[in-house]
**Student:** 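Have a look at this one.
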There are 2 protein chains.
Amino acid sequence: MSQPTICPKFEKAITILSQRWTALVIYQLLQGKQRFNELQSSIGISGKVLSDRLKDLEQKGLVKRDVIPDTPVVIEYSLTEKGYSMEPILRTIEDWSQNWVINED
Amino acid sequence: MSQPTICPKFEKAITILSQRWTALVIYQLLQGKQRFNELQSSIGISGKVLSDRLKDLEQKGLVKRDVIPDTPVVIEYSLTEKGYSMEPILRTIEDWSQNWVINED
DNA sequence: TCTAGTTAGTTACTTTATGTAACTTAGTTT
DNA sequence: AAACTAAGTTACATAAAGTAACTAACTAGA
């Protein structure tokens, strides 16, 4: 007696998005390439978790890590095409938040 | 030197959605009202966490809990208007997953 | 040159969140 | 009475996040 199980592709998408910080990292990168410390301070995430997330997103093909051989070396993170393809999701969340989230500061 | 901080309403929306299981619970309830055990078995979540999530979503005004005084009592969970207002988000994720998630079973 | 500062992380340790499985309460079927 | 179902709860184990200090390689300042 199993209910029609949820689509595995959908579940996978949800798994990505419901990992803490992931959506915010992608959202920040929609603004363009950024460096580790920029992400860290704009999102307010610890170095450890940011490092984990970036590795994870890179491995999933959503984020690209570029080493720019300046001196000193600069490391830039940016979205891949797949990463950018999530923009509509983030925009829909943005819209929803404007209409339904109450400010309570 | 703080980057233009992320909109608090958006962050709040992300906080809701990036809590593990929350999006799946809402997604299931888009199909209509359901009982505790139905949700549990269709989502594959433990009773403890489902119970936590439902309380949380109720408190946030996304889910409604109705006690139907049959004998024995039946408890039905359903989305509020605010809950249903998240449908576009879930549909956008659904679309994305169909186009970008690879099946690897 | 010695000191302090920056970038991009990593490590060790603590706290919080989730998972597992057994238990409960009330009513129900056999 | 014995076993079952619904809707949870409890206690305990494991995993994920947070915190803060540390590192390596370079740089700017006194």
Side-chain angles (χ1 to χ4, degrees), chain A residues 1-3 5-6 11-12 14-29 32-60 62-79, chain B residues 1-3 5-6 11-12 14-29 32-60 62-79:
Chain A
M1 195 201 274
S2 50
Q3 279 298 108
T5 180
I6 294 169
E11 276 207 64
K12 220 164 165 183
I14 289 289
T15 300
I16 295 169
L17 286 165
S18 69
Q19 183 144 51
R20 191 134 55 180
W21 301 112
T22 294
L24 284 178
V25 170
I26 295 171
Y27 184 72
Q28 275 302 301
L29 289 175
K33 60 183 175 349
Q34 278 171 72
R35 299 172 67 173
F36 192 91
N37 287 330
E38 291 180 274
L39 285 170
Q40 208 186 325
S41 62
S42 64
I43 298 176
I45 185 180
S46 74
K48 189 191 72 163
V49 179
L50 179 56
S51 173
D52 284 357
R53 286 303 173 273
L54 289 169
K55 278 178 199 156
D56 215 75
L57 288 170
E58 210 189 332
Q59 180 268 311
K60 289 188 168 76
L62 293 157
V63 163
K64 191 159 45 78
R65 178 183 189 271
D66 289 308
V67 179
I68 316 289
D70 266 4
T71 131
V73 136
V74 167
I75 292 165
E76 281 177 353
Y77 291 95
S78 55
L79 295 177
Chain B
M1 194 203 274
S2 50
Q3 279 297 111
T5 179
I6 294 170
E11 275 206 63
K12 221 163 163 185
I14 289 290
T15 300
I16 294 170
L17 286 165
S18 70
Q19 183 145 49
R20 192 134 53 179
W21 302 111
T22 293
L24 284 179
V25 170
I26 295 170
Y27 184 71
Q28 275 301 302
L29 288 175
K33 60 182 177 345
Q34 279 171 72
R35 299 172 67 173
F36 193 89
N37 287 330
E38 291 180 273
L39 285 169
Q40 208 186 325
S41 64
S42 64
I43 299 175
I45 184 179
S46 74
K48 189 189 73 161
V49 179
L50 179 56
S51 172
D52 283 358
R53 286 303 173 273
L54 288 170
K55 278 179 199 157
D56 214 75
L57 289 170
E58 210 189 331
Q59 180 269 312
K60 288 190 168 77
L62 293 157
V63 163
K64 192 159 45 80
R65 180 183 188 271
D66 290 309
V67 179
I68 316 290
D70 266 5
T71 130
V73 135
V74 167
I75 292 163
E76 281 177 352
Y77 291 95
S78 56
L79 295 177

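Here is how names work: the chains are called A, B, and so on, in the same order as the sequence lines, proteins then strands, and each is numbered from 1.
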**Student:** If I take atom CG in residue N37(B) and atom P in nucleotide dC4(D), what distance separates them, rounded to the nearest angstrom?
**Tutor:** 16 Å

**Student:** Of the non-hydrogen atoms in L79(A) and I26(A), which two are nearest, and what is the gap between them?
**Tutor:** CD1-O, 3.9 Å

**Student:** Please round to the nearest 0.5 Å and tell me the distance separating atom CZ of R65(A) and atom CD of E58(A).
**Tutor:**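 Between atom CZ of R65(A) and atom CD of E58(A) there are 6.5 Å.
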
**Student:** Looking only at side-chain N and O atoms, does Y77(A) come under 4.0 Å of OP1 or OP2 in dG9(C)?
**Tutor:**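 Yes, within the criterion.
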
**Student:** Figure out the CD/P separation between E38(B) and dA6(D), and round it to whole Å.
**Tutor:** 9 Å

**Student:** Would you indicate whether the side-chain heavy atoms of W21(B) and I43(B) approach each other to under 4.5 Å?
**Tutor:**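 The answer is yes, as the side chains (C-beta and beyond) meet within the 4.5 Å cut-off.
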
**Student:** According to a strict under-4.0 Å criterion, is K55(B) in side-chain N/O contact with OP1 or OP2 of dA7(D)?
**Tutor:** no

**Student:** I would like to know whether L17(A) and L17(B) meet side-chain contact (heavy atoms from CB on, under 4.5 Å); could you show each step before the answer?
**Tutor:** CA-CA 8 Å; L17(A) 286 165; L17(B) 286 165; over 6 Å; no

**Student:** Axis-to-axis angle across the helix from dT1(C)-dA30(D) to dT30(C)-dA1(D), five pairs an end, to 10 degrees?
**Tutor:**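 Roughly 0° between the end axes, to the nearest 10°.
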
**Student:** Can you tell me if S51(A) touches the phosphate of dA8(C), counting only side-chain N or O atoms and a distance under 4.0 Å to OP1 or OP2?
**Tutor:**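 No.
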
**Student:** Grab the CD-P distance between E76(B) and dA7(D) for me, whole Å please.
**Tutor:**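 Whole-Å distance recorded here is 9 Å.
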
**Student:** Measure the distance from CZ on F36(A) to C1' on dT23(D) and round it to the nearest whole Å.
**Tutor:** 14 Å

**Student:** Please report the distance, rounded to the nearest Å, between CG in L50(B) and P in dA7(D).
**Tutor:**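 It is 11 Å, rounded to the nearest whole Å.
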
**Student:** Calculate the interatomic distance between I75(A) atom CD1 and dT6(C) atom P; express it in whole Å.
**Tutor:** 18 Å

**Student:** Sugar-phosphate atoms are those with a prime plus P, OP1 and OP2; base atoms are the rest. Using that split, label each nucleotide of nucleotides 24-29 of chain D B, S or - for protein heavy atoms under 4.0 Å, 5' to 3'.
**Tutor:** --SS--

**Student:** Ignoring hydrogens, what is the shortest heavy-atom contact between Y77(B) and L29(B)? Give both atom names and the distance.
**Tutor:** O-CD2, 3.4 Å

**Student:** Using distance only, find each side-chain donor-acceptor pair of residues 46-56 of chain B under 3.5 Å and give its atom names and separation, not counting sequence neighbours.
**Tutor:**
| residue | atom | partner | partner atom | Å |
| --- | --- | --- | --- | --- |
| S46(B) | OG | V49(B) | N | 3.2 |
| R53(B) | NE | R20(B) | O | 2.8 |
| R53(B) | NH2 | R20(B) | O | 3.2 |
| D56(B) | OD2 | K60(B) | NZ | 2.5 |

**Student:** Considering only nitrogen or oxygen atoms on both sides, find all protein atoms under 3.5 Å from nucleotides 16-19 of chain D and state each distance.
**Tutor:**
| residue | atom | partner | partner atom | Å |
| --- | --- | --- | --- | --- |
| dA17(D) | OP1 | R53(A) | NH2 | 2.8 |
| dA17(D) | OP2 | R53(A) | NH2 | 2.6 |
| dA17(D) | N7 | K48(A) | NZ | 3.3 |
| dG18(D) | OP1 | W21(A) | NE1 | 3.3 |
| dG18(D) | OP2 | W21(A) | NE1 | 3.0 |
| dG18(D) | N7 | K48(A) | NZ | 3.1 |
| dG18(D) | O6 | K48(A) | NZ | 2.6 |

**Student:** By side-chain hydrogen bond (donor to acceptor under 3.5 Å, both in side chains), which residues pair with R35(A), not counting sequence neighbours?
**Tutor:**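 So R35(A) forms no side-chain hydrogen bond (donor to acceptor under 3.5 Å, both in side chains) with any residue.
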
**Student:** Do T22(A) and L62(A) come within less than 4.5 Å of each other through their side chains, counting heavy atoms only?
**Tutor:** no

**Student:** Tell me, please, which residues at least two apart from D66(A) pass side-chain hydrogen bond (donor to acceptor under 3.5 Å, both in side chains).
**Tutor:**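 side-chain hydrogen bond (donor to acceptor under 3.5 Å, both in side chains) check on D66(A) returns K64(A).
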
**Student:** Of all the heavy-atom pairs spanning I6(B) and L24(A), show the shortest one and how long it is.
**Tutor:** CD1-CD2, 3.8 Å

**Student:** Do side-chain atoms of Q34(B) reach the backbone of Q28(B) as a donor and acceptor pair under 3.5 angstrom?
**Tutor:**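 Here the side-chain-to-backbone pair exists.
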
**Student:** Rounding to a whole Å, what distance do you find between D70(B):CG and dG27(C):C1'?
**Tutor:**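 Computing the D70(B):CG to dG27(C):C1' distance gives 12 Å.
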
